[in-house]
Structures are given as C-alpha cells and as structure tokens.
Amino acid sequence: MEVDTVFENLLLAILAFLGFAPATSQPARVGPGPTGRRHAIHPTPAVVSAPSTGPGPGGRRHAIHRVAQPVVHAVAQPKPAAALRNRPTLREAQERAYALGLRTTETVRAIPAGLAVRYFQAQAGCAPSQDGLGRVTRRDAEMSLGRDLVAYVELCLSSGTKLLGISPDTETEGDALYRLHLRRAMEDDVELWETAARARDRQRADAQAAGLPQPEPFRIPDAVEIIIARRAVAAAAALKRRAESAGGSTGKAGGTVVSLPTAEAPNTDVPTVPAGPK
C-alpha cells in the first residue's frame, strides 16, 4: 500500500517535470491514522499574506499571521429638512448684514457711510458736496448704511433735523468712527422717532375715517424700541415712587383727603332768609 502511494507520487512528479501532467502544489505525505493505519495527509493551504515572526512560548519563534482590519469610510449624513428650510439664503444674509451696518461686500467697502449720507442729501437737494456722487446709486447707498440708518437719514431730512456730517476728504479713513457716531445719534433721537410715529398714526386714522388706503405703519428700529421701552419702565417707576411719597405725608398710600360738610355742622356762610309775615 505504501509502495504504491510512493510510486504514484514519484510518477506524477516525473510527468509534471516532463510537462505531461499538472504538478501538485505539495505532494501528500503519509502519516499514522486514528486506527493505526497510515493514510495520506494533505497539507493546509498557504496563507496569502506574508507572516511575520515573533517570539513564542519557550523562546522559540513562530509565525504570527496579521488579520487585515476592514477600512471604514466616513459617510456624510444628510442635513435635516428643517435645518435646510431655516437656513437663510445669501440675499437674506446680506440684508441682515446691511441692517446691522456691517461692511461685508466690495460694494459696501467702496462706499463709505459719509458718501451714502451725501447721496440722500443730494436727493433732497441739500448735499454739502457733490464729490463722488456720480458713481453712487440708491441701492449702493442703502447697502452701505443698512435699513436702520437709511430710515434715520430719511427721517432727519423730512423733518429738517440736522444730520451728523463728515468731510469728503476723510470719509474713507474715518468711516468706522463716523458710522458709530451716526448710529449713536439715531439711538439718542428718541423724541424724533416718537413724534414721527404719532404723526403716522394720525395719518392712518384719518385715512381710515375717510375710507382711503392707509399708509404703511411707521417702523422704528429695534435698538430704538428697546430704549423707548426702558424709558417707559423708568418713568412708570418714578411715578409710582412719587405717588407713594405723597401718600405717606397724608397717611394714605396715594390718597387725597377731602372734607365734606355734615348735617350736624351746617355751612354758616349761607345767609338765612327771614320769615315773612304770616
């Protein structure tokens, strides 16, 4: 049995060497079986990756086969639909920046606030200088100032209020400081805003009574609205303190003592009429 197996393997090797039969990757070897008989033991398939050797138990070196870890690629998660809907467009972002007076675009950088103010003054016929106004459009001026400052400039021009000015020679280098002063003036002129708001309310009421189209409600900037609300709270607190102090002097909280005549004490100032003859 063993002789036949050895002879068969030898014959296959010779034929493979001469090119008449395919060669096996490794000839089978003979070893003892579980029942004491010898059977062919085929070798295990070779590992594709080259093993690296390392120290084993007892000081001997054995093959360490490295297992390639799977590569996990990050997948971009889609944004929620609500976030995409709430994301402002480029136009909305620019308008918010203009409303805050931020200089974010090349157009705004090219047109300082002083030049934009002079543009509106020129439209009203009271510009102190015409230098550089030929290249400015209304949209450029509105983008440079922002919605709040545009409303303040137009309100000052319509009411005859003096506007803070700057020399055309220093408009560019002094733009940031001039813009700050112009915004402070807008926030300080609270009475101007309140007067204009009351006038617009009267116009709307008259138009409604006459059956005519009503004008648009007067818009006050948010920063000015906050100042108006703070002043109203302070005025209410001061009025309450005065009422409490007046009430403390009379013994009653804010009350006024009024003396009324009684039946037991008639008014002596009224002359009596003598009785006539019976």
### Message
Using the rule given for side chain to side chain contact (heavy atoms under 4.5 Å, CB included), can you reason through Y152 versus V224, listing the C-alpha separation, both sets of side-chain angles and the distance that settles it, and then say yes or no?
### Response
CA-CA 11 Å; Y152 175 66; V224 181; over 6 Å; no
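- Rounded to the nearest 0.5 Å, atoms CD (E142) and OG1 (T137) are 8.5 Å apart.
- A donor-acceptor pair under 3.5 Å is formed between the side chain of D175 and the backbone N or O of A113.
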Can I get a per-line list of side-chain donor-acceptor pairs under 3.5 Å for residues 160-167, giving both atom names and the distance, sequence neighbours left out?
residue: T161; atom: OG1; partner: S159; partner atom: OG; Å: 2.9
residue: S167; atom: OG; partner: D169; partner atom: N; Å: 3.3

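- Shown here are the salt bridge (Lys or Arg N to Asp or Glu O under 4.0 Å) partners of R184, two or more places apart in sequence or in another chain: there are none.
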Which donor-acceptor pairs under 3.5 Å do side chains of residues 125-135 form with protein atoms, sequence neighbours excluded?
residue: S129; atom: OG; partner: D131; partner atom: N; Å: 3.3
residue: S129; atom: OG; partner: D131; partner atom: OD2; Å: 3.3

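- For the atom pair R231 CZ and I226 CD1, the distance stands at 13.5 Å (nearest 0.5 Å).
- Every residue two or more places apart in sequence or in another chain that forms a side chain to side chain contact (heavy atoms under 4.5 Å, CB included) with E194 is listed here: V190, R198, I228.
- F120 has its side chain within reach of V150: a pair of non-hydrogen atoms, C-beta onward, lies under 4.5 Å apart.
- S245 OG to K240 NZ: the interatomic distance, rounded to the nearest 0.5 Å, is 12.5 Å.
- Of the possible polar contacts, one joining the W193 side chain to the M186 backbone as a donor-acceptor pair under 3.5 Å is found.
- By the side-chain hydrogen bond (donor to acceptor under 3.5 Å, both in side chains) test, E171 pairs with R118, sequence neighbours left out.
- Remark: side-chain polar atoms of S158 are paired, donor with acceptor, to backbone N or O of L155 under 3.5 angstrom.
- Within the 4.5 Å cutoff, no side-chain heavy atoms of Y119 are placed close to those of D140.
- Take E154 and apply the salt bridge (Lys or Arg N to Asp or Glu O under 4.0 Å) test, not counting sequence neighbours, and it matches R138.
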Side-chain donor-acceptor distances from residues 212-222 under 3.5 Å, at least two apart:
residue: Q214; atom: OE1; partner: R204; partner atom: NH2; Å: 3.1
residue: R219; atom: NH1; partner: D148; partner atom: OD1; Å: 3.1
residue: R219; atom: NH2; partner: D148; partner atom: OD1; Å: 2.8

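- Here the side chain of S144 pairs no donor or acceptor atom with the backbone of A116 at under 3.5 angstrom.
- Rounding to the nearest 0.5 angstrom, the gap separating the CD1 atom in I227 from the CG atom in D189 is 10.0 Å.
- For A238, the side chain to side chain contact (heavy atoms under 4.5 Å, CB included) partners two or more places apart in sequence, or in a different chain, are R241, R242.
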